[in-house]
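Inspection log for the structure reproduced underneath, given as structure tokens.
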Number of protein chains: 2
Amino acid sequence: MAPDDVKFFPPASDTRGKVLATALQLFTRQGYFNTSVSQIVRVSGCSTGSIYHHFGDKEGIANALFEALVARIDALFDDIERRHSGAAKRCRAVIELLFTLTEAEPEVMEFVLYARHREFLPERGPICSARPFRKMRDFVARGMETGEVRAVDPVVAAASVYGGALRMIHLRLDGVLERPLGEFLDEVWACAWRSVAP
Amino acid sequence: MAPDDVKFFPPASDTRGKVLATALQLFTRQGYFNTSVSQIVRVSGCSTGSIYHHFGDKEGIANALFEALVARIDALFDDIERRHSGAAKRCRAVIELLFTLTEAEPEVMEFVLYARHREFLPERGPICSARPFRKMRDFVARGMETGEVRAVDPVVAAASVYGGALRMIHLRLDGVLERPLGEFLDEVWACAWRSVAP
DNA sequence: AAGACTAGAACGAGCGTTCGTTCTAGTCAA
DNA sequence: TTGACTAGAACGAACGCTCGTTCTAGTCTT
């Protein structure tokens with residue numbers, strides 16, 4: 001999985017693309033309410049009028065971001081399901097994906113991870129983090145049927161398998177880890193799988 | 001560990017206490033920027049003037065909340081270190097504490113977990129989640145010296161041990177789990193410890 | 001020339017904050 | 001005991017500023 005394959009917002013030349021890329025950065029870095037529309041105007045180089053023409057209002061920008069990110073992440077998870085079989089391979093692929101994504105576009109990861117707890121769009125936030133989790137739980141639950149995963153509550157098992165990886169991602173985003181996540185992948189995966197292997 | 005032992009804000013009669021309790025609830029439920037000072041005035045029953053007299057400004061309220069929570073959590077972790085010996089017992093005690101705390105005062109847990117990603121006090125946020133993690137890493141690292149924990153990067157090991165528990169807490173706070181966390185404790189702990197046991 | 005898009009000045013609502021006043025409790029002199 | 005005095009706490013109307021949003025004149029493209 002090359003870093004470029006998970007790029008969400010390649011350098012855009014159109015208004016929509018420029019505004020979304022700017023908003024993602026500013027919202028993530030300083031928060032939705034600390035980001036004024038006029039700042040988006042300044043940084044993106046687009047005018048107030050054109051922004052309101054395209055997005056309706058400030059919340060419309062956040063909504064558009066959401067839709068783009070949710071769709072892309074769903075697609076990435078579907079990809080993993082299609083390309084790998086078996087709980088172990090799929091779970092490992094998910095962790096690898098998340099690590100790659102974090103290194104390639106930390107803002108995207110931060111946006112997704114904390115969507116639920118951001119102060120805007122409180123009712124839409126959970127979608128962002130709940131759907132990936134449900135996928136993980138399904139992977140694990142199916143592994144349980146085949147005996148690949150030991151019998152535990154599927155929710156507990158799923159939480160165990162990728163809880164450690166998520167924690168590492170948080171640490172990386174917080175600047176605690178100096179080396180890229182890729183270097184920890186094997187150790188993280190070993191711990192994760194041990195927790196649910198029969 | 002009885003739920004009452006982890007109560008942060010018992011019903012208060014003084015202005016400071018009432019404002020802090022109100023702010024915790026409102027900030028957690030609807031966010032810092034979605035909460036106006038006048039709403040705190042209305043809900044807490046205290047006047048604008050007295051709030052500014054006690055806290056200086058709106059940010060002062062958040063700062064005071066922070067200090068109270070960080071101090072209390074540090075104390076709880078120290079308590080665990082004093083009362084238990086060995087990595088396994090300490091780690092399990094931490095998970096149990098976090099589960100109890102989540103059930104007793106979900107707002108406190110939410111405030112602490114997402115402090116880093118809230119839109120206010122961006123430079124103070126990390127303290128709140130980083131310090132507990134450092135404690136966990138120390139517990140695990142010392143367990144490694146005695147052979148109680150297998151040799152892995154201590155950060156990875158710490159992340160593995162309580163990553164799963166944290167994920168469960170997130171799910172509970174998001175309303176995904178219907179049963180209280182206590183009922184999952186044994187299974188969560190079994191998974192957690194397997195991931196780092198020799 | 002016509003339509004789609006852009007520009008940025010202007011607007012009004014709502015916010016955090018201030019400030020002059022009142023209230024309360026404690027202290028002391030007579 | 002009473003009255004005067006003081007300091008801190010509480011009050012809430014009013015202020016000024018910033019923000020999201022609108023509007024109209026202007027600029028491209030075809």
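Each chain gets a letter, A, B and so on, in the order its sequence line appears, and its residues count up from 1.
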May I ask you to say what Ser36(A) touches in the nucleic acid, namely base, sugar-phosphate or nothing, with a heavy-atom cut-off under 4.0 Å? sugar-phosphate
Heavy atoms from C-beta onward define the side chain here; which of [options] lies closest to that of [X]?
X: Thr48(A); options: dT17(C), dC5(C), dG8(C); value: dG8(C)
X: Thr15(B); options: dA10(D), dC11(D), dT18(C); value: dA10(D)
X: Lys58(A); options: dT17(C), dC11(D), dG20(D); value: dG20(D)
X: Ser47(B); options: dC11(D), dT17(C), dT22(D); value: dC11(D)
X: Tyr52(A); options: dG16(C), dT21(D), dA7(C); value: dT21(D)

Looking at Phe139(A), I'd like to know if the NZ or CZ of Lys89(A) sits under 6.0 Å from its six-membered ring centre while staying within 45 degrees of the ring's axis. no
Is there a donor in the side chain of Thr28(B) and an acceptor in the side chain of Glu110(B), or the other way round, less than 3.5 Å apart? no
Rounded to whole angstroms, how far apart are [atom1] on [X] and [atom2] on [N]?
X: Tyr32(B); N: dC15(C); atom1: OH; atom2: P; result: 14 Å
X: Ile51(B); N: dC15(C); atom1: CD1; atom2: P; result: 15 Å
X: Lys18(A); N: dC5(C); atom1: NZ; atom2: C1'; result: 13 Å
X: Asn34(B); N: dC15(C); atom1: CG; atom2: C1'; result: 13 Å
X: Phe55(A); N: dG20(D); atom1: CZ; atom2: P; result: 15 Å
X: Arg42(A); N: dT18(D); atom1: CZ; atom2: C1'; result: 12 Å
X: His53(A); N: dG26(D); atom1: NE2; atom2: P; result: 20 Å
X: Asp57(B); N: dC17(D); atom1: CG; atom2: C1'; result: 16 Å

Between His54(B) and dA10(D), does any side-chain N or O lie under 4.0 Å from OP1 or OP2? yes
Is Asp186(B) paired with Arg92(B) through a side-chain N to carboxylate O contact shorter than 4.0 Å? yes
Residues two or more places apart in sequence or in another chain: which of them pass side chain to side chain contact (heavy atoms under 4.5 Å, CB included) with Glu183(B)?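 By the side chain to side chain contact (heavy atoms under 4.5 Å, CB included) rule, Glu183(B) matches Arg179(B), Pro180(B).
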How close do Met168(A) and Ala159(B) get, heavy atom to heavy atom, and via which atoms? SD-CB, 3.8 Å
